[in-house]
*Asks:* 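This structure is in structure tokens; I'll ask about it shortly.
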Amino acid sequence: QVQLAESGGGLVQPGGSLRLSCAASGKIFSNVNMGWYRQAPGKQRELVAGISSGGNTNYADSVKGRFTISRDNAKNTVYLQMNSLKPEDTAVYYCKAFPGYWGQGTQVTVSS
């Protein structure tokens with residue numbers, strides 16, 4: 001069993017930055033692949049970024065060059081640094097620990 005708790009969401013103006021955090025407990029975190037997903041109103045949940053237990057990363061095309069996923073195994077935490085935010089980044093952002101553990105989500109709103 002894995003418990004996940006996201007934080008760091010909020011309201012930001014276009015072009016601004018936010019850093020999301022996901023604190024994990026209940027399993028050997030360093031062995032777990034992690035991901036950030038998002039779901040906008042009326043849309044399906046989509047993968048934003050993933051990071052393997054070995055530190056390999058992948059990104060959705062829409063966020064490449066703007067978002068960075070990272071992990072700190074000593075703190076059992078995965079991060080999502082989001083820069084140059086756009087209104088279309090507005091969504092609830094969820095942390096996932098593979099194969100199927102989810103956090104409760106954190107709202108990110110990009111608006112002037």
Side-chain angles (χ1 to χ4, degrees):
Q1 190 74 11
V2 177
Q3 294 80 42
L4 303 171
E6 301 102 332
S7 61
L11 173 64
V12 63
Q13 292 187 343
S17 298
L18 283 175
R19 188 176 81 155
L20 306 182
S21 300
C22 173
S25 61
K27 197 171 181 178
I28 301 175
F29 177 78
S30 60
N31 292 345
V32 178
N33 296 337
M34 302 292 296
W36 283 99
Y37 288 70
R38 67 186 180 187
Q39 188 166 18
K43 294 187 176 181
Q44 289 188 330
R45 192 172 297 188
E46 63 176 358
L47 175 68
V48 176
I51 186 165
S52 72
S53 57
N56 294 319
T57 60
N58 62 287
Y59 298 91
D61 288 344
S62 59
V63 306
K64 281 181 181 176
R66 300 189 298 122
F67 291 10
T68 302
I69 189 171
S70 62
R71 65 191 299 160
D72 185 337
N73 290 337
K75 295 182 178 180
N76 284 3
T77 301
V78 63
Y79 304 97
L80 185 68
Q81 177 66 43
M82 305 186 294
N83 299 327
S84 302
L85 282 161
K86 304 175 181 180
E88 51 263 44
D89 295 318
T90 295
V92 178
Y93 283 70
Y94 297 91
C95 177
K96 179 180 180 180
F98 287 82
Y101 302 98
W102 293 91
Q104 80 286 352
T106 185
Q107 176 70 46
V108 172
T109 303
V110 185
S111 175
S112 55

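Residue numbers count from 1 along this sequence.
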*Asks:* Has Glu6 got a side-chain atom pairing as donor or acceptor with Cys95's backbone, closer than 3.5 angstrom?
*Replies:*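 Here the side-chain-to-backbone pair exists.
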
*Asks:* Looking only at non-hydrogen atoms, find the nearest pair between Phe29 and Asp72 and report the distance.
*Replies:*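 Scanning both residues completely, I find the closest heavy atoms to be CE2-O, 4.1 Å.
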
*Asks:* Sorted by first residue and then second, give each salt bridge (Lys or Arg N to Asp or Glu O under 4.0 Å) pair with at least one member in residues 8-21; sequence neighbours left out.
*Replies:*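 Listed once each, the pairs would be none.
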
*Asks:* Shortest non-hydrogen contact from Val78 to Ser70?
*Replies:*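 In this case the closest contact between Val78 and Ser70 is CG2-O, 3.0 Å.
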
*Asks:* Kindly write out the residues that satisfy ring-ring contact (aromatic ring centres under 6.0 Å, His included) with Tyr59, not counting sequence neighbours, or none if the list is empty.
*Replies:*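 Once residues adjacent in sequence are excluded, Tyr59 has no partner under the ring-ring contact (aromatic ring centres under 6.0 Å, His included) criterion.
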
*Asks:* Which distance, rounded to the nearest 0.5 Å, do you find between the CZ of Phe67 and the CG of Leu20?
*Replies:*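 Those atoms lie 8.0 Å apart.
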
*Asks:* Using the rule that Ile, Leu, Val, Met, Phe, Trp and Tyr join whenever any side-chain heavy atoms are under 4.5 Å apart, tell me whether Leu18 and Tyr93 fall into a single cluster.
*Replies:*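 Yes, Leu18 and Tyr93 fall within the same hydrophobic cluster.
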
*Asks:* Sequence neighbours excluded, which residues qualify as side-chain contact (heavy atoms from CB on, under 4.5 Å) partners of Val92?
*Replies:*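 With sequence neighbours excluded, Val92 shows a side-chain contact (heavy atoms from CB on, under 4.5 Å) to Tyr94, Gln107, given in chain and number order.
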
*Asks:* Got more than 12 heavy atoms from elsewhere within 6.0 Å of CD, Gln44?
*Replies:*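 Result for CD/Gln44: open.
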
*Asks:* How close do Lys75 and Thr77 get, counting heavy atoms only, and between which atoms?
*Replies:*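 Taking every non-hydrogen atom into account, O-OG1, 2.8 Å.
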
*Asks:* Testing the basics here: between Asp89 and Ser84, what is the closest heavy-atom pair and its distance to 0.1 Å?
*Replies:*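 Scanning both residues, the minimum pair turns out to be OD2-O, 4.4 Å.
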
*Asks:* With rounding to the nearest 0.5 Å, note down the distance linking CG in Asn76 to OG in Ser30.
*Replies:*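 One gets 8.0 Å once the value is rounded to the nearest 0.5 Å.
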
*Asks:* Using every non-hydrogen atom in the two residues, find where Pro14 and Ser111 come nearest and quote the distance to one decimal.
*Replies:*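 That would be CD-C, 3.6 Å.
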
*Asks:* Does Thr90 use its side chain to pair, donor to acceptor, with the backbone of Val110 at less than 3.5 Å?
*Replies:*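 Looks like yes, one N/O pair under 3.5 Å.
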
*Asks:* If you round to the nearest 0.5 Å, how far is CD1 of Ile51 from CG of Asn56?
*Replies:*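 Rounded to the nearest 0.5 Å, the CG-CD1 separation comes out at 8.5 Å.
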
*Asks:* Do Val63 and Arg38 have side chains that get closer than 4.5 Å, going by heavy atoms?
*Replies:*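 Val63 vs Arg38: side chains touch.
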
*Asks:* Where is the tightest heavy-atom contact between Ser17 and Gln81, given as atom of each residue plus distance?
*Replies:*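 Heavy-atom minimum between the residues: CB-NE2, 4.0 Å.
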
*Asks:* Show, in sequence, the C-alpha distance, side-chain angles and deciding distance for Thr106 and Ser7, and conclude whether the side chain to side chain contact (heavy atoms under 4.5 Å, CB included) test is met.
*Replies:* CA-CA 6 Å; Thr106 185; Ser7 61; 6.0 Å; no

*Asks:* Would you please classify the geometry between the Tyr37 ring and the Trp102 ring as parallel, tilted or perpendicular, with 30° and 60° separating the classes?
*Replies:*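 If you compare the ring of Trp102 with that of Tyr37, the planes turn out perpendicular.
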
*Asks:* Applying a strict under-4.5 Å side-chain criterion to I, L, V, M, F, W and Y, I'd like to know whether Tyr79 and Leu4 cluster together.
*Replies:*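 No, Tyr79 does not connect to Leu4 through the hydrophobic network.
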
*Asks:* Looking just at side-chain N and O atoms, do Asn33 and Ser52 make a donor-acceptor pair shorter than 3.5 Å?
*Replies:*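 On atom types as modelled, these side chains do not qualify, holding no pair under 3.5 Å.
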
*Asks:* Would you compute the distance between atom NZ of Lys96 and atom SG of Cys22 and round it to the nearest 0.5 angstrom?
*Replies:*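 With rounding to 0.5 Å, NZ (Lys96) is 12.5 Å from SG (Cys22).
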
